[in-house]
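Bear in mind the structure is a predicted one, so any value in this text is a computation, not a measurement.
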Amino acid sequence: MLSHIVEERLRECPGAPFDRQVFKDEMDSAREHTLELISRHLTEFGEKFPAETCVKGFYPLTENVEWTTSFWTGQLWLAWEMSGEEKFRAMAEKHVRSFGLRIAGRQDTNTHDLGFLYTLSCVSAWRLTRNRDARGFALQAAEALLERFHDKAHIIQAWGDLNDPKQAGRMIIDCNMNLPLLYWASEQTGDLRFAEAAKAHVLQAAKYLIREDASTFHTYYMDVQTGAPRYGNTQQGYADDSCWSRGQAWGIYGFLLSYLYTGDTQMVALSKRLANYFLNRLPEDAVCHWDLALVGTDALRDSSSAAIAVCGLLELVKQLPATDPDRERYQEWAMRIMSSLSKHYLTGRNEPGNGLLKHSVYHLSSNKGVDECASWGDYFYVEALVRMTQSWKLYW
């Protein structure tokens with residue numbers, strides 16, 4: 001299936017090799033600083049949730065709505081794992097109850113992002129504390145996500161009314177990150193419907209969302225009546241034929257997550273190709289522009305894409321054999337990106353604002369979350385930090 005993809009060679013990480021001890025000290029300092037910020041945000045947010053992105057440096061506070069609330073809950077679980085401080089666990093468990101009410105009432109659940117929402121809140125709670133209520137809420141969310149699977153097209157529809165011809169059949173590369181909820185549900189229940197839908201979707205994503213040069217479409221439309229492919233385009237990238245950075249990062253990480261559950265090694269090969277394309281288009285400070293087609297310009301950076309990519313690269317390093325010629329370079333690139341994010345993009349101790357990772361881009365054309373902190377960027381920076389500084393079992 002992947003034979004048509006042109007493999008780009010991974011270029012060397014520029015500059016002198018990292019001094020591992022200096023980098024370790026840098027990460028330890030970033031970890032302490034990040035915990036201080038999360039603690040401060042816990043006080044500021046109370047039982048509310050931050051909105052998708054900051055507005056002029058500050059997150060508006062919301063109820064448990066939209067697709068992003070679990071990124072704050074995920075930070076709380078990670079902070080508890082890093083620090084052992086009970087206040088982080090206590091608030092995360094309050095959030096679990098909120099997510100239970102949300103899925104029971106089907107409040108703002110008409111989206112494939114149920115995977116994000118319930119993996120980082122409830123599956124993580126089950127994995128960490130064996131909270132049986134959280135397990136039940138996550139299984140309800142998996143059932144709701146399975147409802148979005150189109151049998152003939154073999155895809156999970158991203159958002160929109162399943163019966164609306166203008167909406168039907170839209171899959172997007174972000175969905176790869178939502179599939180672990182389905183794999184997990186099959187593991188928990190023995191019901192293979194969940195995993196079979198996830199496998200079918202990821203194969204369609206590999207076939208249609210990936211271009212010949214290993215760049216990616218953000219969106220692809222399938223005919224849900226016949227199963228035929230229709231066309232690819234973008235919702236948030238620069239152009240239909242460009243490569244939206246966050247989508248490429250979702251691909252690097254997301255295809256690997258399916259490999260962890262299925263053992264399908266072509267997913268690892270695909271992750272490598274997407275990673276090479278991404279890394280070969282980074283600017284001097286190793287933090288990508290918001291679209292990879294814009295390298296060499298003064299276009300805005302998207303630090304959130306960089307943080308996602310670091311997590312994907314570190315998982316790739318874990319899954320590759322020691323003999324893989326690119327394994328060490330992926331590690332060096334992950335360290336270089338993480339060092340740049342920590343030095344130049346992390347909010348300072350005395351800096352106004354209540355986010356972590358500055359200079360993200362949510363949706364440029366609608367002027368939404370432009371050059372602001374983004375909730376997912378904050379979460380994936382913390383996940384990357386945990387991966388860099390301790391042994392960690394994935395929530396995904």
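- Taking the side chain as every heavy atom from C-beta outward, L10 and N280 approach each other to under 4.5 Å.
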Take D223 and K152 through the test salt bridge (Lys or Arg N to Asp or Glu O under 4.0 Å) and record every step on the way to the result. CA-CA 8 Å; D223 188 315; K152 290 185 177 178; over 6 Å; no
Can you list the steps and then say if K318 with E315 is a salt bridge (Lys or Arg N to Asp or Glu O under 4.0 Å)? CA-CA 5 Å; K318 281 173 55 180; E315 190 59 37; 3.3 Å; yes
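- Counting only N and O atoms by type, the side chains of S342 and E26 include no donor and acceptor under 3.5 Å apart.
- Using the six-membered ring where Trp is involved, F45 and Y59 have ring planes that are perpendicular, over 60° apart on the 30 and 60° scheme.
- No donor-acceptor pair closer than 3.5 Å links the side chain of Q188 to the backbone N or O of L139.
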Begin with the C-alpha distance, continue with both residues' side-chain angles, and end with the deciding distance and a verdict on side chain to side chain contact (heavy atoms under 4.5 Å, CB included) for Y395 and L128. CA-CA 9 Å; Y395 303 156; L128 292 169; 3.9 Å; yes
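- Within the 4.5 Å cutoff, the side chain of W396 has heavy atoms near those of the E383 side chain.
- Between F71 and F116, the ring centre distance stays below 6.0 Å.
- A donor-acceptor contact shorter than 3.5 Å links the side chain of T297 to the backbone of L294.
- W376 pairs in a side-chain hydrogen bond (donor to acceptor under 3.5 Å, both in side chains) with only one of the listed residues (S304, S305, S360), which is S304.
- R327 contributes a side-chain N or O that, together with a main-chain N or O of L320, makes up a donor-acceptor pair within less than 3.5 Å.
- Below 30°, between 30° and 60°, or above 60°: for F380 and Y253 the angle between ring planes is above 60°, a perpendicular geometry.
- Counting only distance, with no hydrogens or angles, the side chain of R135 and the backbone of W126 share no donor-acceptor pair below 3.5 Å.
- Checking side-chain atoms of S245 against main-chain N and O of W290 turns up a donor-acceptor pair under 3.5 Å.
- Taking the six-membered ring for Trp and the full ring otherwise, the centers of Y221 and Y231 sit less than 6.0 Å from each other.
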May I have the step-by-step check of salt bridge (Lys or Arg N to Asp or Glu O under 4.0 Å) for R301 and D285, ending in yes or no? CA-CA 10 Å; R301 308 302 173 88; D285 78 344; 2.4 Å; yes
Pair E36-R40, salt bridge (Lys or Arg N to Asp or Glu O under 4.0 Å): steps then yes or no: CA-CA 6 Å; E36 288 179 14; R40 185 195 307 169; 5.8 Å; no
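- The closest donor-acceptor contact from the side chain of T216 to the backbone of L209 lies at 3.5 Å or more, if one exists at all.
- Looking at I103 and L114, their side chains come closer than 4.5 Å, going by heavy atoms from C-beta outward.
- Taking the ring centre of Y277 as origin, the terminal cationic atom of R281 falls inside the region bounded by 6.0 Å and 45° from the ring axis.
- R170 forms no cation-pi arrangement with Y220, by the criterion of a distance under 6.0 Å to the ring centre and an angle within 45° of the ring axis.
- Without hydrogens or angle criteria, S375 side chain to T53 main chain gives no donor-acceptor distance under 3.5 Å.
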